[in-house]
Structures are given as C-alpha cells and as structure tokens.
Amino acid sequence: MEDKNPEALGQKLYDFAAELYPICRSITGNGVRETLARIAERIPLQISEVPTGATVFDWTIPKEWNIRDAYIKDAEGRRVVDFQRSNLHVMNYSVPIRRKMPLAELRPHLFTVPEHPNWIPYRTSYYKENWGFCLSHNELARLQDGEYEVCIDSTLEDGQLTYGECYLRGQSEEEVLISCHICHPSLANDNLSGIAVATALAAQLSGQSRFYSYRFLFIPGTIGAITWLARNSSAVMRVRHGLVLTGLGDRGEFHYKKSRRGDTEIDRVMAHVLRHSSETYGMLDFSPYGYDERQYCSPGLNLPVGCLMRSVWGTFPEYHTSADNLDFIYPIQLAKSLRLCAEAVEVLEGNLRYRNLYPFCEPQLGKRDLYRSMGGENPSYEINARLWVLNLSDGSYSLLDIAERSGILFSEIQSAAELLASSGLLQPLPRDASLSEENRSDEVTLPKLAVNQ
Ligand SMILES: [Zn+2]
C-alpha cells in the first residue's frame, strides 16, 4: 500500500492540488471542465452537463460564465490590477465590462481585506449580475485619483452546468457517497485539498473489493449538489453513508461535522476513527450552514452525510483569500486526511454482525488455543477483544457497537471476530440483516422532478 510511505503519498496529493491550482474555476464554465478532465486522468469519471434554465428543485441552472482576461489600467496604461497574475482579482461571475471611469466610480466595485492588507479576497456574485475586482488593501491604497480603464473580458451566456461522478460498483447496490466541491478558483485548502483526497480515495478503492458501491461527486458547491440530488432520485435512495470532504490540507486539527440525524453509522464511524487516531480533533453538531451537507441533510432528504474537514471554514483568517494558497496546505496533512478516510471506509466495509454459536457460558478458548495458558493475569488486549466479541455477538450488536462498548480499536475487534469465526465459534450474519434500521433511507421519497432540458 502506498500509505506505508505517507510523505510520498502526501506529495502526490499535493502535486495534484498544485496542478489544479492555477485553473480559474467557477460554478460553471471551462475551468470546471478542465478540472474534471484532470480528475478523469486519474479515475473513471462520468461527466454530466445540465443546461442553463433547467429547474432543479427550487433553483434554476444559471448562465455559464467564462473569462479570458481582466484588468484595471491606470492613465499610463499600466495594469494596476491584473487577472493574469491571480484569478482572484476578478469577482467570480463578473459580467463583461470595458469602460473608462474615474476612481470614484470604480471604487464601489473594488474589494479588499483591510485586516490583512497584502491578501486578495475571494468574492462571487453568482445570482445577481454585477462586476468587481478584488485586490490587496495596499494595492488599493496606491491607486491615485484619475481615470482608469476597466476591462473584464468575460461571457455570461446560456450554456451548461458541469459535474463529474466516479461510480465504483460493489457487491451491494447500497451506496457510500463522497462529495467535494470544485467551484473555487485558486484556493488550495478550501476546494483543492478535498478534490485531491477524494480522487486518491477513489483510486485506492477502485483497486479493492468492495461491499458497498461508492459514488464520488465532483460538483460545484450548492447548485451542483442540488442539481445532482434533483436528477438522481434512485441513487439518492441507495445512499447509506456519506461524507463531504473539504479543507483537508491545512495544519489545523480534524473536525467532523455530524449528519443532521447525529447518530448515523457514519457519525459513529468517524467518531471511532478520530478517537483512535493520534490526532487531536473536534466533533461538531449539524448546523444548516457550511458545505453541501446542507443539501444532503435538507429535511426532505435527511441523508446520513457528515462533513470531514480540518480547520473549520470561516474560522481562520486565510479562508476565502489569496492566503489560502499552496503554502497553506501540506503533503503530510493531505496524506493523514486520506488515511483517516480510508480507515472510515474500512470500518464501514467490515461492520458485520456475528452470532455466537456457543452462547451458553463462555466457550472453552484454551482447548482451541485461543486463550492464555496461565490463569490469573489480566487478559491481554487480544483476548479481551475475543471475550467482548463472543459476549456481544448475539446477532444484535455490530462490530462497531462492540468496538464502541469495549473501547477497543475496530480493526482489533474485527480480527478477533474473524479468528473466532474461523475457529467455528462465531457465524457471520448476512450483510443485509446487519444494516441497522436508522441507516436505511427507504423513507426518502423524492417529488417527481421537473428538469426542463
Ligand atoms: Zn469556500
């Protein structure tokens, strides 16, 4: 496994983020297409396009935005703000403009972060036609009164909203949904770290046998998730567990935001892998703001989808500024994030239930060579795991239940169960019967969806 060398793996993840970093992405347009094309070089990806004007639940697919160039030139013809130096310089979704104007007229269209005078903010105006430039506060302070030539060479026209899906079929049609947004331009942690980790996780899983089917969504934030949910009601009903991945490359500690239900299997799995990791972490209750878990956990869907991140969006000064750049993310942090996701998948995949075939008193482990030979000492960790598995395997407890109740790492509990099963003491129960009721999404009935194509 590559993760035996986390530095090398982390560097691969980082290199992919660096490759995607210069692309000017938005919620639609060629930046999204190019990003998806780079992902498709690494994993099988199905690309979908939905036309402008299509209805997706309460929303309408917006016009497609593309941009070639943008600048503000001073009276001497020097580019004092230049899109070619940073795509953050243009407010994302700015309508085209080419005009001369005095600074006083330009000023309401200029955005800065005064508290961090060297940073460029990231601004968008997707659903209200507007134009603007983002620049450092220091750059703004240097602008003299006078005439400026303002150019935004963009197009905002009928087109498509584009998203990508990587579907990995498992033994079961029940799905694990992994979702990340692909709509931010040159921002490293918020956007690219999630894409890099999700792509690598899909690549790893594609080479493994799987119980669950896995669906990785690479979608524009909000409108992309709404679009996918509106157009895929049968897949939505097969989602048993899900994770939104974002902000996974910075130096901050892990945070897991629970699903709306708060006690689903994925919530418990993430709590378990975080508790047993060597990392510090925080658990957050669901709130109806944040990333696309907002859509997956809307009341009509209420899917078991949580969100894994490191520093929480909006709580660190670099968030949505030019300081969320390639210096803000670290290969080893990306590798550890991927490792945590892979561990969560291992728990989901292995969370079986067993039945103890010798439930009347303890079976004699010693005669099967499964117990210490000398009495009197504390049972070792391994034997402890066997005793817990034997005791709780009455068909109602899953291995995760046993891991939680015993405080023992899931993989130790799983190894104990496999050993006891191979010794004839336990019998695995059929997988379907092992799915707990609360994780079934059968109650989801989507309204008949109007997608005007
Ligand atoms: Zn963001």
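Computed from a predicted model, the values in this text were never measured in an experiment. All ligand and atom numbering here is 1-based and tracks the order in the structure.
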Item to check | Ser213 and Glu173: side chain donor to acceptor below 3.5 Å | outcome: no

Next on the checklist: Suppose we call two aromatic rings close when their centres sit under 6.0 Å apart. Are Tyr281 and His255 close by that rule?
Outcome noted: no

Item to check | Sidechain-backbone polar pair: Thr124 side chain, Tyr126 backbone, donor-acceptor under 3.5 Å | outcome: no

Checklist entry - Angle class for the Phe133/Trp131 ring planes (parallel below 30°, perpendicular above 60°, tilted otherwise)? => result perpendicular

Checklist entry - From Arg310 CZ over to Ile329 CD1, what is the distance, rounded to the nearest 0.5 angstrom? => result 11.5 Å

Next on the checklist: Students often mix this up, so state it plainly: with edges at 30° and 60°, are the rings of Trp313 and Tyr319 parallel, tilted or perpendicular?
Outcome noted: tilted

Checklist entry - Which protein N, O or S atoms does the Zn ion (ligand 1) have within a distance shorter than 2.8 Å? => result His184 NE2, Asp190 OD2, His320 NE2

